[in-house]
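Take a look at the structure below.
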Amino acid sequence: GQQVQQSPASLVLQEGENAELQCNFSSTATRLQWFYQRPGGSLVSLLSNPSGTKHTGRLTSTTVTKERRGSLHISSSQITDSGTYLCAMGGSSNTNKVVFGTGTRLQVLP
Amino acid sequence: DTTVKQNPRYKLARVGKPVNLICSQTMNHDTMYWYQKKPNQAPKLLLFYYDKILNREADTFEKFQSSRPNNSFCSLYIGSAGLEYSAMYLCASSRGQGANTLYFGAGTRLSVL
């Protein structure tokens with residue numbers, strides 16, 4: 001079945017540093033979605049794009065569909081960015097199935 | 001309002017007993033999902049409804065049932081809970097077809113004793 005691999009599993013940064021999170025998927029995806037979860041919190045959608053690059057605030061999502069990979073860049077990290085970032089892959093256009101990776105746990109230190 | 005609501009937030013169940021979890025959304029979304037989340041694991045897709053059509057994952061086909069009596073509500077039913085069912089259960093919804101943006105509820109934490 002569809003698989004999603006994320007790296008790194010965990011990341012520790014100093015406040016102000018940039019973060020690059022990777023996502024690789026096993027089959028052709030129509031859409032890659034990035035989610036954020038604060039400890040004990042709900043999953044919140046950050047960005048969703050089928051291909052190319054999309055920005056919101058300090059976040060940039062890049063999806064290279066042909067190479068079955070995507071990335072999330074966080075610029076000028078803040079302590080409040082700490083949490084788990086999950087990527088999820090949507091399959092072909094005629095299915096609503098969405099499969100998740102295990103996530104990257106980010107810790108931003110002062 | 002992009003709210004997905006799940007009830008209850010916490011559920012205690014005995015081994016062998018049934019469990020019913022509830023999810024609702026008021027966004028008129030076509031698709032509603034149920035995921036199982038265990039610590040340090042990816043959220044695992046159990047099933048989803050697109051409109052009235054139920055899609056269940058092959059490896060959990062016999063373990064979970066669901067119903068969607070109307071567009072807003074979706075339930076997850078476990079006929080006989082086992083210890084391995086202890087997990088966070090996440091409900092999500094999305095608009096249209098083609099894996100659009102998912103909106104998640106806060107989850108129901110199920111503990112089976």
Side-chain angles (χ1 to χ4, degrees), chain A residues 1-10 21 23-51 54 56 59 61 63 65 70 83-105, chain B residues 2-7 9-10 23 25 27 29-61 66 68 74 87-109:
Chain A
Q2 296 164 312
Q3 292 186 16
V4 179
Q5 302 289 339
Q6 289 189 245
S7 61
S10 62
L21 312 180
C23 182
N24 293 279
F25 34 96
S26 62
S27 57
T28 304
T30 57
R31 185 181 295 270
L32 199 65
Q33 302 186 40
W34 288 95
F35 293 84
Y36 168 73
Q37 186 175 32
R38 186 166 282 120
S42 302
L43 276 140
V44 176
S45 177
L46 295 174
L47 285 161
S48 173
N49 60 317
S51 64
K54 195 170 182 180
T56 182
L59 304 178
S61 168
T63 304
T65 309
T84 300
Y85 292 79
L86 295 112
C87 77
M89 178 192 91
S92 59
S93 59
N94 62 353
T95 177
N96 286 16
K97 183 171 179 174
V98 178
V99 177
F100 278 81
T102 53
T104 293
R105 188 169 297 179
Chain B
T2 56
T3 302
V4 177
K5 295 184 179 177
Q6 291 189 241
N7 287 298
R9 286 298 307 275
Y10 301 92
C23 177
Q25 51 87 16
M27 297 173 278
H29 281 174
D30 306 274
T31 308
M32 295 185 74
Y33 301 81
W34 281 100
Y35 287 86
Q36 181 191 64
K37 176 78 170 70
K38 293 185 177 182
N40 301 315
Q41 294 183 19
K44 178 180 172 57
L45 179 64
L46 300 176
L47 52 89
F48 65 91
Y49 264 101
Y50 174 64
D51 195 13
K52 294 181 174 58
I53 301 170
L54 175 61
N55 298 268
R56 287 190 284 176
E57 288 295 284
D59 58 344
T60 55
F61 190 87
S66 183
R68 192 177 186 187
C74 189
M88 178 72 85
Y89 288 85
L90 302 172
C91 175
S93 69
S94 69
R95 178 183 50 82
Q97 193 171 27
N100 291 313
T101 300
L102 267 61
Y103 295 87
F104 277 88
T108 294
R109 185 172 295 281

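Please read these numbers as outputs of a predicted model, since none were measured by experiment. Naming convention: chains lettered A, B, ... in sequence-line order (proteins, then strands); numbering from 1 in each chain.
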Which heavy atom of [X] sits nearest a heavy atom of [Y], and at what distance?
X	Y	value
B:Pro43	A:Gly101	CD-O, 3.8 Å
A:Asn96	B:Gly96	ND2-O, 3.1 Å
A:Ser45	B:Thr101	OG-CG2, 3.2 Å

Task: Side chain / backbone / both / neither for A:Leu43 at chain B, heavy atoms under 4.5 Å - done: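 Both backbone and side chain.
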Task: Derivation and outcome, side-chain contact (heavy atoms from CB on, under 4.5 Å), residues A:Val98 and B:Leu45 - done: CA-CA 7 Å; A:Val98 178; B:Leu45 179 64; over 6 Å; no
Task: Validation row: B:Asn40, A:Thr102 side chains within 4.5 angstrom (heavy atoms) - done: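 No, too far: nothing below the 4.5 Å cut-off.
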Open item on the list: Can you tell me how far apart OH (B:Tyr33) and NZ (A:Lys97) are? Round to the nearest 0.5 Å.
Closed with: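 Answer rounded to 0.5 Å: 11.0 Å.
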TODO: Look up atom CZ in A:Arg31 and atom OG in B:Ser94, then write down how far apart they are to the nearest 0.5 Å.
DONE: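 Nearest 0.5 Å value for the CZ-OG distance: 9.5 Å.
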Task: Derivation and outcome, ring-ring contact (aromatic ring centres under 6.0 Å, His included), residues B:Phe104 and A:Phe100 - done: CA-CA 13 Å; B:Phe104 277 88; A:Phe100 278 81; 5.8 Å; yes
Open item on the list: Heavy-atom pairs under 4.5 Å with chain A: which of B:Arg109, B:Gln41, B:Glu57 has the most?
Closed with: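 Heavy-atom pairs under 4.5 Å are most numerous for B:Glu57.
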Open item on the list: Does atom CZ (A:Arg105) have a neighbourhood of more than 12 heavy atoms from anything else shown, all under 6.0 Å?
Closed with: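 Counting other residues, nucleotides and ligands, CZ of A:Arg105 stays at 12 neighbours or fewer.
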